[in-house]
S.K.: 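Have a look at the structure that comes next, please.
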Amino acid sequence: MEENKEEKSLNFIEEIVDNDLKSGKYASIITRFPPEPNGYLHIGHAKSICLNFGLTQKFGGKTNLRFDDTNPETEETDYVNAIKEDIKWLGFTWDEELYASDYFETLYGYAVDLIKKGLAYVDDSNSEEIAALKGTPTTPGQDSPYRNRGIAQNLALFEDMKAGKFETGERVLRAKIDMSHINMLMRDPIIYRIKHAHHHRTGDKWCIYPMYDFAHGQSDSIEKITHSICTLEFVPHRELYDWFIEKLEIFPSKQYEFARGNLSYAITSKRNLLKLVREGIVTGWDDPRMPTISGFRRKGYTPSSIRTFWEKAGIAKRDNLIDIGLLEFCIREELNKTAIRRMVVVDPIKLVITNFPEGQTESLLAENNPEDEHAGQRILSFSRELWIERDDFMEEPPKKYFRLGPGLMVRLKHAFIVECERFEKDELGNITTVFCRYFPESKSGHDTSGIKVKGTIHWLDSATAKEAEVRLYDRLFTVENPGMEEGDILEYIHSGSLKVVEHAKIEPALLEAKPSDRFQFLRLGYFCLDRDSTSEKLVFNKTVGLKDSWAKMNQS
RNA sequence: UGACCGAUGGUGUAAUGGUAGCACAACAGUUUUUGGUACUGUUUGUCUAGGUUCGAAUCCUAGUCGGUUAACCA
C-alpha cells in the first residue's frame, strides 16, 4: 500500500548520470562547484550548488569545491572565505577544497606539451591586432604573422614570458587550431597571457596566467571530474574543452550545460550586484534586499527553503524567469510550521478599555505556535490601555472591513472581544485613541458571551510593551526583469524597498530573542533578529509577509 | 548575416511514439480566536505549416520567435 509513492522524474542531467552509472561508464561520479572568487554567491549560484552537490548525494560520489582563480586582478581571499561560508550555510560539504591556481605548474607543462606538438605558438601581436585578424561569424579570420614560428623558438619565447622578460600584454600564447573555424572560439584562442599582478594565493610567483578555456577543463580533468556542469553560455566552449583534452591526452571530463535560473524582481549579474554595493544603494553584499545567499540569510531565509525552492524550480535548458513568489512560498511554508508567534505593533495607536479598572492587570495564556503543540505557551498581560495597529481602525470603514470602527466589534487575539464606542483625533486628523468597552465573559478559551465577531486583531499592553526597530523590506526593483531593461539598472530601484520603523511596540518575551530565532509577528509576517541588534536596541528584519487577501482585495 | 541552443497554461517543470500531469500564481468555497494555516473545487497550455505513423508535445522538413556567441573575463 505504501509502495505507490510516486517517483519524481529525473531531470536531464540526473538522467545522464543515471545512464552513465548503469552502463558502467563510471563506477562513481565526481562533480565540482567552481566559483570565481571575485564576488559573493547569489541565488543563481545556489542552483548550481544544489545541482552539483545534489547529484552526488543522490548517486554517490564526490563533489569538490574549486576556486577558478586564474585572473589575479579581480580575485580576493575575502571572497573565498565568504563563498565557503555560504556553501556551508546552505548545508553542503565539499570533499576537497581546491584552486585552479594549485595547477599552475601542471597547466604550464600542458602548454609546453602543446607547443612541442606544434599546437601552440607565441604571438607578439597586441590585443587590437589579434582582434582584427579574428574575422567575424560570417567571415574567416586570418593567420597571425607569428603563427608559423618554429617549436624551439616558441618554447624559448614562452619561457621568456614566464620569466618575466616581457611587459603585461606584450605577448600571448595561442592554441594553433583553425583561423577559419566556424566556431570563433576555435580561431586560435589565447591560452596564456602576461599579467604582472599579485595573485591572492601564488603571490608574485607567476606573471603568466592561463585563460579560462585553458584552465577549467584541465582542472576538471586533473580532478577526474566525470560530469562538469555549467550554464548555457558555455555551450560553444565545449568544442574547445574537448579539443584540449584530446590533444593533451588527459582524463576525458565531459561538460554538460543547463539553463541558469533567473528570479523575478532580482538581478544576478555580478557586475550590477557590485554596482549596488559600490554606489551605496544597499548597505553591502549581505543587505537583506540583495539576491545574494548572504542577503537571503540575513533576511531570515533558511537553507532548506532555498534548497526546496531550487528543487521545485527544476533543471532544464530553456531560458526562464522564475516567479519570486515561489521562493516566498517555500520560506512561508517552512516558517509557518516552525516560527514562534509574537505580537508586534508597528504603527501604534492607543486603545482604551473604558470599563476595565485602572491600575489592574489581567494575565492571559497564549500559545506560541498553533501549528506546533510542543512550542508551549507564554503569558500576556492585559490592562486598560493597549496598543493596536493603526491599520486596524477606520473612521469610515467600507463593507467587509472586519476590524475596528465606530460601533464595530473585534476580538483581541488571546484576550477579549471589544466594541468601539468613540475615538479621538489630533489636529492633523490622525487617529490617536480609540475607546472601547470589553466583554469580560468573552475571554479566550472561556467565552460564554455568545458574541460572534468576524475579525481578530493583535495588540499589546501599553504598560508592559517594549520597543524595537523593525526593518520592513520590499522588492529592490520596480520591474519584473531588471536585467533585461534598457539603460542603467539604478533607474529601476524601488524607493520603498526599505522602511525602518524605529519604535515598534513589541512583546516583552521578544527581548530574549537570539540570533538564530525566527518569529511570526502575528498578522504581519516572518521576522528575524538582525546582527545590528545591541543590548539596548533590538533590530528585526522582515523575512516575508504573510499572505494578505485583504490587501489583495483592496489593491484592485 | 553565420553557427549553436531552445520553444508545453500567467510562471516553473513533467510526460523518453500511446489518457498532456505536478507545483506556484489566480479565482471560488469550507474551516478558523492570525483576512494566516489547512482542506475542496475551478479556469488557463503543446510556436506555425507540412510530413512519417494506427497513433506525434515527442520523430523528420521548413518557417517563426527567443537566447547565446565575434574579452589578453569566467
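Values below: every heavy atom of this structure, side chains too, minus hydrogens, waters and symmetry copies. Here the structure is a predicted model, which is why all the values come from computation and not from measurement. Naming convention: chains lettered A, B, ... in sequence-line order (proteins, then strands); numbering from 1 in each chain.
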S.K.: Looking at G6(B), does its base get a donor-acceptor pair with the side chain of E257(A) below 3.5 Å?
M.R.: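 Absent.
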S.K.: State the CZ-CD1 distance between R518(A) and I340(A), to the nearest 0.5 angstrom.
M.R.: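 Going from CZ on R518(A) over to CD1 on I340(A), the span is 13.0 Å.
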S.K.: Describe the nucleic acid contact of F329(A) in one word from base, sugar-phosphate, nothing, applying a heavy-atom distance below 4.0 Å.
M.R.: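 If one applies the 4.0 Å heavy-atom cut-off, F329(A) turns out to touch the sugar-phosphate alone, with no base involved.
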S.K.: Any donor-acceptor pair, under 3.5 Å, between the side chain of R318(A) and the base of G66(B), if you only look at N and O atoms?
M.R.: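 Answer is no: no donor-acceptor pair is held.
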S.K.: Cation-pi between K162(A) and Y108(A): NZ/CZ under 6.0 Å from ring centre and within 45° of the ring axis?
M.R.: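 Ring-cation test returns yes.
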S.K.: Ring centres of F214(A) and F244(A) under 6.0 Å apart?
M.R.: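 Yes, the ring centres sit under 6.0 Å apart.
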S.K.: At under 4.0 Å between heavy atoms, what does Y401(A) touch on the DNA or RNA strands: base, sugar-phosphate, or nothing?
M.R.: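 Result for Y401(A) = base.
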S.K.: Nearest-Å distance, CG (L326(A)) to C1' (G9(B))?
M.R.: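 Rounded to the whole Å, the gap is 16 Å.
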S.K.: Any donor-acceptor pair, under 3.5 Å, between the side chain of H237(A) and the base of A74(B), if you only look at N and O atoms?
M.R.: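 Flag set: donor-acceptor pair detected.
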S.K.: Just by distance, with hydrogens left out, do E334(A) and S304(A) show a side-chain donor and acceptor under 3.5 Å apart?
M.R.: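 Distance-only check passes for E334(A) and S304(A).
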S.K.: G2(B) phosphate, OP1 or OP2: any side-chain N/O from T136(A) under 4.0 angstrom?
M.R.: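 No, no such contact exists.
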S.K.: Indicate, yes or no, whether a donor-acceptor pair under 3.5 Å links the base of U16(B) to the side chain of E15(A).
M.R.: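 Indeed there is one.
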S.K.: Considering every strand and a 4.0 Å limit on heavy-atom distances, what is the contact class for N38(A): base, sugar-phosphate, or nothing?
M.R.: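 Contact class for N38(A): none.
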S.K.: Base, sugar-phosphate or nothing for V235(A)? Non-hydrogen atoms, less than 4.0 Å.
M.R.: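 Sugar-phosphate contact only - V235(A) comes under 4.0 Å of backbone atoms but never of a base.
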S.K.: Whether R187(A) contacts A70(B) is assessed here as follows: a side-chain N or O lying under 4.0 Å from the phosphate OP1 or OP2. Is that the case?
M.R.: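 R187(A) to A70(B) OP1/OP2: no side-chain N or O under 4.0 Å.
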S.K.: Would one find a side-chain N or O of S549(A) under 4.0 angstrom from OP1 or OP2 of G36(B)?
M.R.: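 Answer is yes, contact under 4.0 Å.
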S.K.: Check every strand shown and say whether P370(A) touches a base, only sugar-phosphate, or nothing at a heavy-atom separation below 4.0 Å.
M.R.: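 Answer is base: heavy atoms of P370(A) come under 4.0 Å of a base.
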S.K.: With a cut-off of less than 4.0 Å, is there a side-chain N or O of K270(A) near OP1 or OP2 of C73(B)?
M.R.: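 Indeed not, no polar side-chain atom of K270(A) lies that close.
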S.K.: Just how far, in rounded Å, is C1' of U32(B) from CG of L522(A)?
M.R.: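 Rounded to whole Å, this separation is 13 Å.
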S.K.: Check the distance between U13(B)'s P and L10(A)'s CG and give it to me in whole angstrom.
M.R.: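 Distance, rounded to whole Å: 16 Å.
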S.K.: Do R341(A) side-chain and U34(B) base share a donor-acceptor contact under 3.5 Å?
M.R.: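 Yes.
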S.K.: Using a cut-off of 6.0 Å, state whether more than 12 heavy atoms not belonging to R378(A) lie near its atom CZ.
M.R.: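 For R378(A), atom CZ is crowded (more than 12 foreign heavy atoms under 6.0 Å).
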S.K.: May I ask you to check if R174(A) and Y121(A) form a cation-pi contact, with NZ or CZ under 6.0 angstrom from the six-membered ring centre and within 45° of the axis?
M.R.: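 Checked: cation-pi criterion not met.
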S.K.: Answer with base, sugar-phosphate or nothing: what part of the nucleic acid does K454(A) contact at a heavy-atom distance below 4.0 Å?
M.R.: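 No contact at all - K454(A) keeps every heavy atom at 4.0 Å or more from the nucleic acid.
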S.K.: Base, sugar-phosphate alone, or nothing: which one does K452(A) contact when heavy atoms must sit under 4.0 Å apart?
M.R.: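 Nothing, no nucleic acid heavy atom in range.
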S.K.: Could you tell me whether G445(A) contacts a base, only the sugar-phosphate backbone, or nothing, with contacts defined as non-hydrogen atoms closer than 4.0 Å?
M.R.: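 Counting heavy atoms under 4.0 Å across all strands, the contact made by G445(A) includes a base.
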S.K.: What do you reckon, do W550(A) and the base of G35(B) stack, with centroid distance below 5.5 Å and planes below 30°?
M.R.: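 It does: the ring sits over the base of G35(B).
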S.K.: Using whole Å, report how far CZ of F234(A) lies from P of C73(B).
M.R.: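 Distance check: F234(A) CZ to C73(B) P gives 14 Å.
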S.K.: When all nucleic acid strands are considered with a 4.0 Å heavy-atom cut-off, which category describes L321(A): base, sugar-phosphate, or nothing?
M.R.: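 Result for L321(A) = sugar-phosphate.
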